[in-house]
Amino acid sequence: MTESPLAQRPLDAAGGGGPRRERFVPVLGLTLLILALLPLRLWRASLETSLWIDETASLVLANQPVGMILDTSAIDTNPPGYYLLLKVWLKAGRALGLEPGILWARLLGVLAWVALAVITWSAGTRLFGSLYGAALAVAVAGSSYSAVLANDARGYSIASVVLFACFLILLRSYQEEVLKGGGSVPWRSSAARWLLYAACATAALWTHLLSLLVLGCLALWWLILLVRARAWRSAFARFGAVAQSAALLLFLPWLAQLKRQVAGLQASAPTWMTPPTGFNLASVFWWWYPFGRVGDPHQFPTLLLPVLGALSVLLPLAVAVGGRLPPQRVEERQARMFGLLAYGGLGVSFVFVILLWAIQRLGVASVFYTPRYPALSAALWAGGLVGLAGLAGARTRHRGLNLWGLLLPWIACAVIGQSWGLSSETQGGLDAALARQAQKPPPGAPLYAMPSELTPFYKRTLAGYQVRRIEDLPCGLAGAAE
């Protein structure tokens, strides 16, 4: 069987320039994307004013002994993987002579974001060519949710990246092991790909519990592809089954704690979980995915925002599905790969959100928290939009113009969401809490901090005070007061 023209010549390859140019352009584009956004990611990560309660829980827990991390995680809402990683990261900062402040703690998320940009651009270029690799990286790594997760000291920042890596590995494996017949692909290459899938899936499971649902959706998608292609004897079937089983087996020891974690979540959730209404379900797709963790879909400042959010998905969907553009130079396998990216990314995200909604609606567990939990599949949603734009754009002579035009509402939402997020993150925090005190401590006054593990992460806020650990509070004060 001959190699797919998609692999022989990327969709956007133009005459002239040769292989060297085809290698140089993606690298240059990726470098420019990272250089443009990385300073903003680092600055947001350094803001003490955006430190929120769940992050403080991560920082306090990461400063405890390993045994306490494991015991606390068993009754918390997530496995201990992220807390153990953060503990090692903070120790590494101290070993390097650095005071592990808020920037250092959040730097894990920033590095995960850089990995997301590199993985997305590289995989997109291999699958679809440099034009679509660039669009995929911009849509995914430039999205509002990716910006939020990059400066969030929580397991989302790791889990969301490795879950999207699993999605891309599935795409690449299907292309190599099914569409091309698999005969020319060495078994070692397939085994290495699926080994990486198992590693990414395991990392996702140990850093965020709801990764289990996303991976379940990916497993269902893998099975559907397998049944449709009837590729029962392919490496896609054999190695795929082994990789997914291995990830589940490696997580099996922690599944024994699942009932306790659900009970802990149920006890705390009534005060902050999103009501599972139809409006709140729909708002995930026209508000939270496009704009990220900002604002409130019930009280938006202008009608333009919900319209723009809805257009981010409806415009590429309408053109890709209902458009009557005449096919031009569209090879069947090219269209199939765009379809896999589109309907796989959107479908997995949609089913995941529906599951969250239904689980809470049926009273099984409180897991429908729209500002945060859908973030685990936000990269897949963005990838699906690029797939829709690719399906529509590949049918015309002006592929690039159609591609970026159809993605324009999504990119505009990302810019608005991140600008909005910045305006809120620079306000509030401990600084604002101290300012609201009726008897604010004067500069230079002693302050006893509790929990004391958090004092390094509020270094700038507390710079004007004599900060002491709560453990150093003189025990004689109680007796003197009496």
message = Minimum heavy-atom separation for Gly101 and Phe457, please, with both atom names.
response = C-CD2, 3.5 Å
ask   = How many angstroms lie between atom OG of Ser366 and atom CE of Met273, to the nearest 0.5 angstrom?
value = 5.0 Å
message = So Val214 and Phe167, do their side chains get closer than 4.5 Å, heavy atoms only?
response = no
ask   = Are the side chain of Arg44 and the backbone of Ala150 linked by a donor-acceptor contact shorter than 3.5 Å?
value = no
message = Is it true that, when you exclude Leu35 itself, more than 12 heavy atoms of the residues, nucleotides or ligands shown sit nearer than 6.0 Å to its CG?
response = yes
inquiry  = Between Ser122 (side chain only) and Ile119 (backbone N and O only), is there a donor and an acceptor less than 3.5 Å apart?
reply    = no
request  = Give the minimum heavy-atom separation between Asn78 and Leu209, together with the two atoms involved.
outcome  = OD1-N, 3.0 Å
message = Could you check whether any side-chain heavy atom of Ser73 comes within less than 4.5 Å of a side-chain heavy atom of Leu61, counting everything from C-beta outward?
response = yes
NZ or CZ of Arg293 within 45° of Trp52 ring axis and under 6.0 Å = yes
inquiry  = For Ala153, is there any backbone N or O sitting under 3.5 Å from a side-chain donor or acceptor partner on Ser58?
reply    = yes
task = Report the C-alpha distance between Trp113 and Leu37 in whole Å, list the side-chain angles of each, state the deciding distance to 0.1 Å, and finish with yes or no for side-chain contact (heavy atoms from CB on, under 4.5 Å).
result = CA-CA 10 Å; Trp113 174 82; Leu37 295 179; 3.6 Å; yes
Heavy-atom side-chain proximity of Leu136 to Leu127 below 4.5 angstrom = no
ask   = Is a side-chain donor-acceptor pair under 3.5 Å present for Ser377 with Tyr289?
value = yes
query = Which distance, rounded to the nearest 0.5 Å, do you find between the CG of Leu168 and the CG of Leu116?
reply = 9.0 Å
key: Whether over 12 other heavy atoms sit under 6.0 Å from Tyr343 OH   = yes
key: Backbone N/O of Pro306 and side chain of Trp286: donor-acceptor pair under 3.5 Å   = no
ask   = Is any side-chain heavy atom of Thr370 closer than 4.5 Å to a side-chain heavy atom of Leu281?
value = no
ask   = Parallel under 30°, tilted from 30 to 60°, perpendicular over 60°: which one fits the rings of Phe236 and Trp222?
value = tilted
note = Looking only at heavy atoms, the pair that brings Trp410 and Ala382 closest together is CZ2-CB, 3.6 Å
message = Apply side-chain contact (heavy atoms from CB on, under 4.5 Å) to residues Leu218 and Leu380 and explain how you reach the verdict.
response = CA-CA 11 Å; Leu218 285 174; Leu380 280 80; 4.2 Å; yes
key: Closest contact, heavy atoms only, Lys87 versus Asn63   = NZ-C, 4.3 Å
Heavy-atom donor-acceptor pair, Ser424 side chain to Gly421 backbone, under 3.5 Å = yes
Interatomic spacing from OH in Tyr156 to OH in Tyr82 - rounded to 0.5 Å = 12.0 Å
Approximate separation, where rounding is to 0.5 Å, of Tyr369 OH and Thr77 OG1 = 12.0 Å
task = Return yes if some donor-acceptor pair links the side-chain N/O of Gln175 with the main-chain N/O of Leu171 below 3.5 Å, else return no.
result = no
ask   = Tell me, do Leu255 and Leu212 make a side-chain contact under 4.5 Å, heavy atoms counted?
value = yes
message = Would you compute the distance between atom OG of Ser50 and atom CD of Glu55 and round it to the nearest 0.5 angstrom?
response = 6.5 Å
ask   = Please walk me through it: do Ser157 and Leu108 pass side-chain contact (heavy atoms from CB on, under 4.5 Å)?
value = CA-CA 8 Å; Ser157 58; Leu108 268 178; 5.7 Å; no
Ser144 side chain to Phe291 backbone, donor-acceptor under 3.5 Å = yes
inquiry  = Strictly distance-based, threshold 3.5 Å: is any side-chain N or O of Gln64 a donor or acceptor partner for the main-chain N or O of Val60?
reply    = yes
ask   = Using 4.0 Å as the upper bound for N to carboxylate O, is an ion pair formed by Arg372 and Asp54?
value = no
request  = For Leu213 and Cys217, run side-chain contact (heavy atoms from CB on, under 4.5 Å): C-alpha distance rounded to whole Å, both residues' side-chain angles, the deciding distance at 0.1 Å, then the answer.
outcome  = CA-CA 6 Å; Leu213 292 180; Cys217 295; 5.5 Å; no
key: Side-chain donor or acceptor of Trp221 paired with backbone N/O of Gly345 under 3.5 Å   = no
request  = Find out whether Tyr197 and Leu215 are in side-chain contact, i.e. whether some heavy atom of one side chain is under 4.5 Å from a heavy atom of the other.
outcome  = yes
inquiry  = Has Trp287 got a side-chain atom pairing as donor or acceptor with Asn280's backbone, closer than 3.5 angstrom?
reply    = no
note = CG of Asn151 to OG of Ser46, rounded to nearest 0.5 Å, is 9.5 Å
task = List the atom of Pro39, the atom of Ile34, and the distance in Å for their closest heavy-atom pair.
result = CD-O, 4.1 Å
Pairwise salt bridge (charged side-chain N to carboxylate O under 4.0 Å, His left out) hits with a residue in residues 32-41, at least two apart = none
query = Would you call Arg193-Glu176 a salt bridge at under 4.0 Å N-O?
reply = no
inquiry  = Do Val161 and Ser146 have side chains that approach each other closer than 4.5 Å (heavy atoms only, starting at C-beta)?
reply    = no
ask   = Within a strict 4.5 Å, meaning less than it, do heavy atoms of the Val467 and Tyr458 side chains meet?
value = no
inquiry  = Between Trp288 and Tyr373, is the ring-ring contact (aromatic ring centres under 6.0 Å, His included) condition met? List the steps.
reply    = CA-CA 10 Å; Trp288 299 111; Tyr373 293 160; over 10 Å; no
ask   = Do you know which two heavy atoms are closest between Ile102 and Glu48, and how far apart they sit?
value = CG2-CG, 3.9 Å
